[in-house]
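Here is the structure we will look at, set down as C-alpha cells.
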Amino acid sequence: MTVLTPAGPAVPVAGAPALVPVFVRLKLSLLRNGLRRSSGRKAAYVSSLVVTLLLAAGQVAGLVLLRGHAQAGTLAVLLVGVVALGWAVLPLFFPSGDETLDPSRLVMLPLRARPLIGALLVSSLVGMGPLFTMALAVGSVVAVAHGAVAVVAGVVAAPLSLLVCVALSRWVATANVRLLTSRKGRDLAVLSGLVIAVGIQFVNFGAQRLGQAGGLSSLEPAADVVRWLPAASAIGAVGSASDGSYGAAAGQLAVSVLALGALLWLWHRSLDTLMSSPDGSTLAAAEPSRRRSGTERSGFFGLLPEGRTGTVMERSLRYVVRDPKTKAAWVTALAIGLIVPVLNAVQGVGSVYFACFAAGMLGMQMYNQFGQDTSAFWMVATTLSSTRDAYVELRARALALLLITLPYTVLVAVVTAAVLGDWPALPGVVGLSFALLGAMLATGALASALFPYSIPQDGAFKNVVPGQAGLAWISILGGMLTSALLSAPVIVLTVWLHLAGHQGWLWALLPVGAVYGTFVGWLGIRLAAPHTARRLPEILAAVSKG
C-alpha cells in the first residue's frame, strides 16, 4: 500500500497488507454482514444463489450436449458476445449491492490507481455474475474444443473472456460514476436505459425470427463478425484451433488480450481522474441557487383534488418528473410496454392481447412505493397516525399511477389492434388490461407494506442496498405471479369466449375487467393499509438504510 506525502509522490508503507486480499475480505465481510441483518435477506440470497447455480448448470449441460454439432461454435460465440454486452451496460441500470466496486467511495483513501485496479478486478470476480459467466465460458469451450491445441487454447480463453467482461464493466462504471451521480447526468442515463431496453427487445425479436429462418445456420454471418470481437474472440479462437486455423486462433486470442490491456488502461485513466479531480457536481452545488416562490398549485396540478389525496398525487407525479431513478424506471416501462406488442404486431407474429404487457410493465411501478421516497419517507411517516391515513396515502399513490397507466394502456391496445386489424378484440384487451392493472396495484400495495427495501442515492448504478437485491427481485416476482392468479377469472372468461365461439360478447370484457380491476385494487389497498400503519417503524428503518 502507498500513501501520498506532502511533497506529492507516494511512498510505500512498511508492513502494509497487499490490497488484493484486503478487498476480497472486504467484499466477503460486506456480504456476510448483510446476510446477518435478517433471515429474509439470507433466504433471498440463498434462493438467488440456487437459481444462479441451476441456470449455470443448465447452460453448461446444454452446451456440452451441443458438442459435435455443426453450429455449436456459432451459438457459443454469440452467447458470450451477448453476455459481454450485458456486462458493459447492465451494472449502470440494474440493482447492484457491491460496495467494494463503487470507486467514488475510495477517493479519500491514500491509494494509487494502479494497485487499486488489481484489487478491484480480483474482488470483482467474487459473486454470482462472474460465476455465471465463467460457467458459460467453460461450457462454450467444451462445446467447441476438439484436439489438444484447442484444449490448450480453451484453458486460456475461458478465464480471459471473463476478465475482459469484468474489466469492461468496471471501466464503464468508473468512467460514468461522476456523470450518473449528478442531477443532469442521471437524467441523461434515462435515454441510455431506454436505448438498452429497446436493444434487448430487438434481441428478443431476432430470436423469434431465428426459429422461423431455419435454425442456427442463419446466424453464421453474425457469428463471423462477433468471433473477432472481445470477449467472444477468445471463444472463437478455440473454434479456429479445432478447425486447424492456428493463425486465426492466435489472432483472435490476441484481440481479447489487447482488449483487456486497453480496458485496464482506460480504467486506470478513469480511476486516476476520479480520485484526483474536483467533483463538478460539488462545485455546481456551491453556486447560488434560484429560488421559486409560491406554494399554490397551478396548471395540471391545480386539477387535482384538495386535501391529502391531491397532495400525495402531486408528490408522486413530481417524483416521476424530477427524480432520475424514478424517471428512468417510468421511461423504460413506457418504452418496453409499447415496443413489445407493437413490434410483434408489425412482424405479424403477435396477438392483440400482447397489449396487456403494457399494463404489466406499468403496474410494476406500484411496488416498493415507500422505498422510492428513500430517507425522506420519515416526513411522510409523521403524518400516518392511523389506518385511515395509511389508506388515503396508498390510494392517492395508486391514483397518481392510474393517471398515467390508464390512458397509456388504452393507447397501446388501440395501436396494436390497428396494426393487426383486429378491432373486435379491442374491448376485451382493454378489459383484461384493466383487471391485470388492478391486481398489480393490489399486490404492489401489499408488497410495499410487507417487503420494503431501500433505494440508495449515493450510487448511480445501484437500486438496492447491499444484501437486499435478492429480496427485491423475489418480492417483485412473487407479486407478479400473485397478480396473474388474481387476474385468472377475467383470463378464464376471455379464453372461454374465444373457445366457445362467442366473440360477439368480447365487448363485455371491458366493463367486467374495469369493475373487477377496481374491486381487486381497492381490496388490496384496504388490506395493505393496516399493515402499513402497524409496521411503520419497520418500513421507515428499511427504506432509510440507503
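We're numbering straight along the sequence, starting at 1.
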Other residues, nucleotides, ligands: >12 heavy atoms within 6.0 Å of R67 CZ: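 Yes, CZ of R67 has more than 12 neighbouring heavy atoms, counting only those of other groups under 6.0 Å.
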
Residue pair I117, L264: steps toward the side chain to side chain contact (heavy atoms under 4.5 Å, CB included) verdict: CA-CA 8 Å; I117 284 178; L264 292 177; 4.0 Å; yes

Please check: side-chain N/O of [X] versus main-chain N/O of [Y], any donor-acceptor pairing under 3.5 Å?
| X | Y | result |
| --- | --- | --- |
| S242 | V144 | yes |
| S233 | W228 | no |
| N368 | Y453 | yes |
| Q252 | G239 | no |
| S256 | L253 | no |
| T482 | G478 | yes |

Restricting to non-hydrogen atoms, name the atom on [X] and the atom on [Y] that form the minimum distance, rounded to 0.1 Å.
| X | Y | answer |
| --- | --- | --- |
| A84 | A231 | CB-N, 4.3 Å |
| A241 | V149 | CB-CG1, 4.2 Å |
| L436 | A359 | CD2-CB, 4.4 Å |
| I336 | P341 | O-CD, 4.2 Å |
| Y367 | S448 | C-OG, 3.8 Å |
| V141 | G154 | CG1-CA, 3.6 Å |

Steps toward side chain to side chain contact (heavy atoms under 4.5 Å, CB included) verdict (V429, T416): CA-CA 10 Å; V429 173; T416 306; over 6 Å; no

Student check: side-chain heavy atoms of [X] and [Y] closer than 4.5 Å:
| X | Y | result |
| --- | --- | --- |
| L131 | L53 | yes |
| L63 | L136 | yes |
| L125 | V24 | no |
| L338 | L334 | no |
| M134 | S161 | no |
| V164 | L263 | yes |
| L116 | F23 | yes |
| W330 | L362 | yes |

Got a second to check how far [X]'s [atom1] is from [Y]'s [atom2], nearest 0.5 Å?
| X | Y | atom1 | atom2 | value |
| --- | --- | --- | --- | --- |
| L266 | H268 | CG | NE2 | 11.5 Å |
| F354 | L343 | CZ | CG | 12.0 Å |
| L168 | L163 | CG | CG | 12.5 Å |
| S47 | L477 | OG | CG | 11.5 Å |
| Q59 | S140 | CD | OG | 7.5 Å |
| L481 | T443 | CG | OG1 | 10.0 Å |

Criterion side chain to side chain contact (heavy atoms under 4.5 Å, CB included) on M440 and M366, from CA distance to verdict: CA-CA 7 Å; M440 297 199 73; M366 187 65 186; over 6 Å; no

